[in-house]
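Note sheet for the following structure.
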Amino acid sequence: MRVLILGADGYLGWATCMHFSGKGHEVAGIDNYFRRNSGLELDCESLIPVPNLVQRARIWKELAGGKLRVSIGDVTDYNFLLEAFREFRPDSVIHYAEQPSAPYSMINRDKAAFTTRNNLISTINIAYAVKEVNPDCHIIKLGTMGEYGTPNIDIEEGWIDIEHKGRKDRFLFPRQASSVYHTSKVQDTDLLWFYVRTWGLRVTDLMQGPVYGVSTDESDLDHRLMPIFNYDEIFGTVLNRFIVQAVAGQPLTVYGKGGQVRGYLNIKDTMQCVYLAALNPADRGELRVFNQVTETFSVNELAGHVRRAGKGLDYDVKVKAVENPRVEKEEHYYNPKYTGLLELGLKPHYLTDDVLCGMFRAVEKYKDRINRDAIFRGVKWR
Ligand SMILES: NC(=O)c1ccc[n+]([C@@H]2O[C@H](COP(=O)([O-])OP(=O)(O)OC[C@H]3O[C@@H](n4cnc5c(N)ncnc54)[C@H](O)[C@@H]3O)[C@@H](O)[C@H]2O)c1
C-alpha cells in the first residue's frame, strides 16, 4: 500500500508512520508542526524530547530501512495538499492532522475559531484531493468517542436503526459533543458522510477513546523514535497525566466526582486498529464507523489503578478531587459497543499493572523535565 499520513509528527501519527513502514508499505507523512509550536506557545512541551519529523524519518530509515518520506506543510493549504496527493498517489490516507484538544478549544474565541477552521478545512481539502486524484483512495479519519457524549442509552457503532411512526431508517448515532473540539469532530464526520453520499468516496471513521502509553514495537528500537508525550492539562490525556503526577509526587487531580466513564486504549492498539482498517477498506459509497476502544473505566477507577501500581513501585500516590473545570455529567450511564475492530482481528493490550509499571518506568527517565505548572491550570468551560 501507499499510505499518506497527515499529522505525521503527532503522538499517534509518528508511531503510525513507523508501523506501516515497518510492515513494508510505502509511507509519506505530512505535518505543519502545529502541535510543537502550541507546546512552545502554551509552555507545555512533550515530556520526552523528540527529534523533529525530518530527523526522525532519517533515524528510522537508518535503523529499519523502511520507505518513508516526510514533508512539512499545512493540510488546510489546498494547493500544497493536492500536490502531495499528485506526487504520491496514495491508496489510503490517514487523517490525524487536527487540533486534538478539548481544553485548547475552550481557552478563548481565537482558539475555538482556529480549532473549527483547522479541523473542518483540513477534512474538506482531503475529500477534494481524493476526488481529484484518486476517488478510490480510502480515507481513514480519526473521530472520537466524545462525539457521542454520554447518552442514557447504549452507544451503537456509528449507526442506529430508528423506527418512527411505523417507518424505519438508519441514521448516524445521535451525537452531542461536550467541547468545541468534539463538536468539530462531529462536523467533520458529517462532512465526510456528505461526500460519501454525494461523490461515493470510501471512508472509515474511527471513534477513538483517550489513548495511553509511551511505546510501540517500533519506538522500542531506539529512544529517539519515541512518540511525543504530553501530560499537561491541554494536550495530555488523563492516564498519561496521572502517571506523570504520580512520578512528580503530586496528587492525581480527579475532576469533580470522578464518575465520568470513558473507553480507553493502548497506543499499541491504535496501531493495530488503523492498520486493520487500512487492510480492510470501506466500500465505495460507504461511511464505515468503528468504536475504537478496548475497555472502559471511570476516572476514579483509573486513579485507583495508578495508585495501586504506584504502591508496588514504592510511590505513595495521593488522589485529590478538584472542582470540575468542564461542563459534563459526573455520574452517568455508559455502555458503548466496540466489536467491529475485534471482528477484524484486533488483539487488545489491556490496562494491567505491568503496563502501568512500564509507563512509570518510562516517565521516571524524564522526571527532571516535568513542568509542574503545566499539569493543572483549570481551563474553564464557563
Ligand atoms: N490521542 C488521543 O487520545 C485521541 C483520542 C481520540 C481521537 N484522537 C484523534 O486522533 C488524531 C491524532 O491525535 P494525536 O493525539 O496524535 O494528536 P497530535 O496533536 O499529537 O497529532 C496531530 C498532528 O497533526 C498536526 N496538524 C494539526 N493540524 C495540521 C494541519 N492543518 N496541517 C498539518 N498538520 C497538522 C499537528 O502538528 C500534530 O503533529 C486527532 O485527530 C485526534 O482528534 C486522539
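Whatever order the structure lists them in is the order used to number ligands and atoms, beginning at 1. Everything quoted here is computed from the prediction, not taken from an experiment.
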Geometric N/O contact [X] with ligand 1, under 3.5 angstrom:
X	answer
Thr237	no
Asp31	yes
Asn32	yes
Leu12	yes
Thr144	no
Phe34	yes
Gln99	no
Val75	yes

How are the rings of Phe360 and Tyr315 set to each other: parallel, tilted or perpendicular (split at 30° and 60°)?
->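 Rings of Phe360 and Tyr315: tilted, 30 to 60°.
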Name the closest protein heavy atom to [atom], giving the residue it belongs to and the distance to 0.1 Å.
atom	answer
atom 24 (O) of ligand 1	Gly7 CA, 3.2 Å
atom 41 (O) of ligand 1	Lys185 NZ, 2.8 Å
atom 10 (O) of ligand 1	Leu142 CB, 3.5 Å

Give the other cluster members for Tyr333, using side-chain heavy-atom distances under 4.5 Å between Ile, Leu, Val, Met, Phe, Trp and Tyr residues; answer none if it is isolated.
->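 Reading the cluster by chain and number, Tyr333 sits alone, since nothing else belongs.
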For ligand 1, is any non-hydrogen atom under 4.0 Å from Phe235's backbone (N, CA, C, O), its side chain (CB onward), both, or neither?
-> neither
